[in-house]
Amino acid sequence: MEDQMNCLLRHLIRRIPSQLLRATLEKWGRLTEAQRQTIDFTQSKWAITDRLYALAEENGWTVKHIAELEMCYVIDNPNQGLWKAFQLVDPKADAQALELLQFKQSFKNHLNELVRNVSVKIKKNRDEAVWIRVAWGDSFSRPNNLKPTYVVHYLQTPYVFVCRLTPKQKPLLSQALILSTRHQAIKDANLSGRKLTTIRDLLMQQYGQVFPTRYPSSLASTSQTVSNPHIEREQAEDEVNRLQKACEAFGGGKLPDLQSVVYKLETKFRDPTNKIMSENGEPFKCTVKFSSTNILESLRHCAASGIASTPVTLLLSSIPRKRRNYFVITDNVPGPSSQPNQPPN
């Protein structure tokens, strides 16, 4: 156990940026003021880790205590991996009455029934989010605390956000969540990203989503020294119209900073010059991915500036309205459609 704790501690301290280390340890609350004073944060990470390990032996810390430290860091810095959103469906009559203590006990009990060796820590954050850390083991091995799964769930809502989950663990986590939240099933929300707050705000509609029906004209601010006022007026009207269409499609305020959107095409190949592909009975499959530091802002700018045509196609405007960034396009369904329901992955 000491070797596990030492390995986890060194792995964690390497992950935490030096400028955040002091604040993270203070939030953890396991060190006294006198013990914190003995840590020289100007030293190397290796020296700091050695000092923390000595304090761990002095205080009798275990792997569970170091897992608490990791949770403190991840909760304050959640953009450490790819988060995927899921939605619980078909709630039972008493689902809305579920309390935190009931959820914690039920989730741990159900997961322990499914997995022989598993370590679970649950912590409620300031924003009412319930954070779950699951270190997975099996019948022959102890929980691997170096590769935990993180789950974020808001009680009394159907939304769940998961980071780092393998296909083998998927059905186990799904069943524990379904039973402990008193629902019948869980499905993929077709929304993912590296910023937890972004996909949370988009899925739960917690951002200032404004779709204007009328956009103010900028004609009054047109320069009085233009060479041809008729051309200038026509250009200004086109600009206002493009901006109007762009804001109608994506909203007029600040948009969630999604980094990508994926379209999976499963359509017939149409090209009269290529009979081999056109007469093939199987659908033509390919995947198209758009990436940007903020894909919604980029698409809105393309439409407003005239780079992309307006009105904006439903394939693009569906992102904020349907609250997803993964679409499957087929010949049978007009416009974008979602994947079949499936448990988290």
Side-chain angles (χ1 to χ4, degrees), residues 1-16 20-21 23-31 52-53 55-56 59-84 86 98-138 141-155 157 159-166 168-170 172-181 186 196 200 344:
M1 187 64 73
E2 289 185 0
D3 289 342
Q4 259 198 341
M5 185 194 67
N6 187 21
C7 184
L8 179 60
L9 179 62
R10 292 189 182 281
H11 176 77
L12 178 59
I13 299 303
R14 283 199 302 267
R15 284 178 57 195
I16 302 177
L20 300 179
L21 188 54
T24 304
L25 290 172
E26 289 178 358
K27 183 177 180 180
W28 183 36
R30 292 283 177 184
L31 291 168
L52 285 172
Y53 185 70
L55 291 171
N59 295 340
W61 294 338
T62 65
V63 172
K64 291 184 178 181
H65 297 111
I66 308 303
E68 289 176 0
L69 176 60
E70 184 190 83
M71 286 192 76
C72 290
Y73 170 65
V74 174
I75 289 173
D76 284 347
N77 305 272
N79 305 330
Q80 305 294 318
L82 182 65
W83 290 91
K84 295 188 177 182
F86 302 92
L98 183 65
E99 297 180 351
L100 177 61
L101 188 59
Q102 296 172 313
F103 171 78
K104 289 174 66 174
Q105 192 63 46
S106 178
F107 182 85
K108 289 182 178 180
N109 289 342
H110 287 305
L111 201 57
N112 280 311
E113 290 176 1
L114 297 168
V115 188
R116 183 172 181 178
N117 288 315
V118 65
S119 175
V120 180
K121 295 200 69 66
I122 299 178
K123 180 180 178 65
K124 189 175 183 181
N125 198 23
R126 296 183 299 272
D127 63 352
E128 301 302 311
V130 178
W131 282 75
I132 307 170
R133 181 189 187 273
V134 182
W136 301 91
D138 54 36
S141 62
R142 292 178 297 183
N144 184 358
N145 280 280
L146 296 179
K147 295 181 179 180
T149 294
Y150 273 91
V151 182
V152 179
H153 174 53
Y154 290 80
L155 294 180
T157 78
Y159 305 116
V160 180
F161 307 91
V162 183
C163 183
R164 302 193 197 108
L165 187 68
T166 68
K168 182 180 178 181
Q169 300 157 359
K170 172 179 28 177
L172 303 172
L173 179 64
S174 297
Q175 186 171 344
L177 285 170
I178 290 168
L179 294 172
S180 59
T181 58
I186 187 169
L196 173 63
R200 179 203 64 192

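Annotation: the span from K123 atom NZ to E68 atom CD amounts to 8.0 Å, rounded to 0.5 Å. Atom CG of L52 sits about 9.5 Å away from atom CZ of R10, to the nearest 0.5 Å. Rounding to the nearest 0.5 Å gives a distance of 4.5 Å between CD of Q175 and CG of L114. Atoms CG and CH2, from L165 and W83 in turn, are 11.5 Å apart once rounded to the nearest 0.5 Å. Distance CE/M71 to NZ/K27: 10.0 Å, rounded to 0.5 Å. One finds the CG atom of N77 at 12.0 Å from the CG atom of L196 (value rounded to the nearest 0.5 Å).
With L173 as reference, V162 is the one residue of I132, V162, V160, V115 to meet the side-chain contact (heavy atoms from CB on, under 4.5 Å) rule. A side-chain contact (heavy atoms from CB on, under 4.5 Å) with W131 is found for exactly one of V152, I122, V151, namely V152.
For the pair N144 and A135, the tightest heavy-atom approach, listed with the atom from each and the gap, is O-CB, 3.8 Å. In this structure, M5 and A56 approach most closely via the heavy-atom pair CE-CB, 3.7 Å. Pairing each heavy atom of W28 with each of C72, the nearest pair is CA-SG, 3.9 Å. N145 and L8 get closest at one heavy-atom pair: O-CD1, 3.5 Å. Closest approach of S119 and P143 over heavy atoms only: N-CG, 3.9 Å. Nearest heavy-atom pair, A67 versus K121, reported as atom, atom and distance to 0.1 Å: CB-CD, 3.9 Å.
When side chains are defined from C-beta on, N109 does not count as touching L179, because their heavy atoms never get closer than 4.5 Å. Residues L172 and W136 are in side-chain contact: their nearest non-hydrogen atoms beyond the backbone lie under 4.5 Å apart.
With sequence neighbours excluded, the residues satisfying side chain to side chain contact (heavy atoms under 4.5 Å, CB included) with T157 are H153, Y154, Y159, M204. Partners of E26 by side chain to side chain contact (heavy atoms under 4.5 Å, CB included), not counting sequence neighbours, listed by chain and number: R22, R36.
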Show your reasoning for whether side-chain contact (heavy atoms from CB on, under 4.5 Å) applies to H65 and L69. CA-CA 7 Å; H65 297 111; L69 176 60; over 6 Å; no
Tell me, with the steps shown, if K147 and R164 meet side-chain contact (heavy atoms from CB on, under 4.5 Å). CA-CA 8 Å; K147 295 181 179 180; R164 302 193 197 108; 6.0 Å; no
Step by step, work out the side-chain contact (heavy atoms from CB on, under 4.5 Å) result for Y73 and L25. CA-CA 9 Å; Y73 170 65; L25 290 172; over 6 Å; no
Test log, rule side-chain contact (heavy atoms from CB on, under 4.5 Å), inputs R30 and N59: CA-CA 9 Å; R30 292 283 177 184; N59 295 340; over 6 Å; no
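Look at R15 and E70 and you find a salt bridge, because one of the NZ, NE, NH1 or NH2 atoms lies within 4.0 Å of a carboxylate O, short of that distance.
A donor-acceptor pair is defined here as one N or O able to donate and one able to accept, closer than 3.5 Å; no such pair exists between the side chain of S106 and the backbone of Q102.
Judged by distance alone, the side chains of S141 and D138 do bring a donor and an acceptor atom under 3.5 Å apart.
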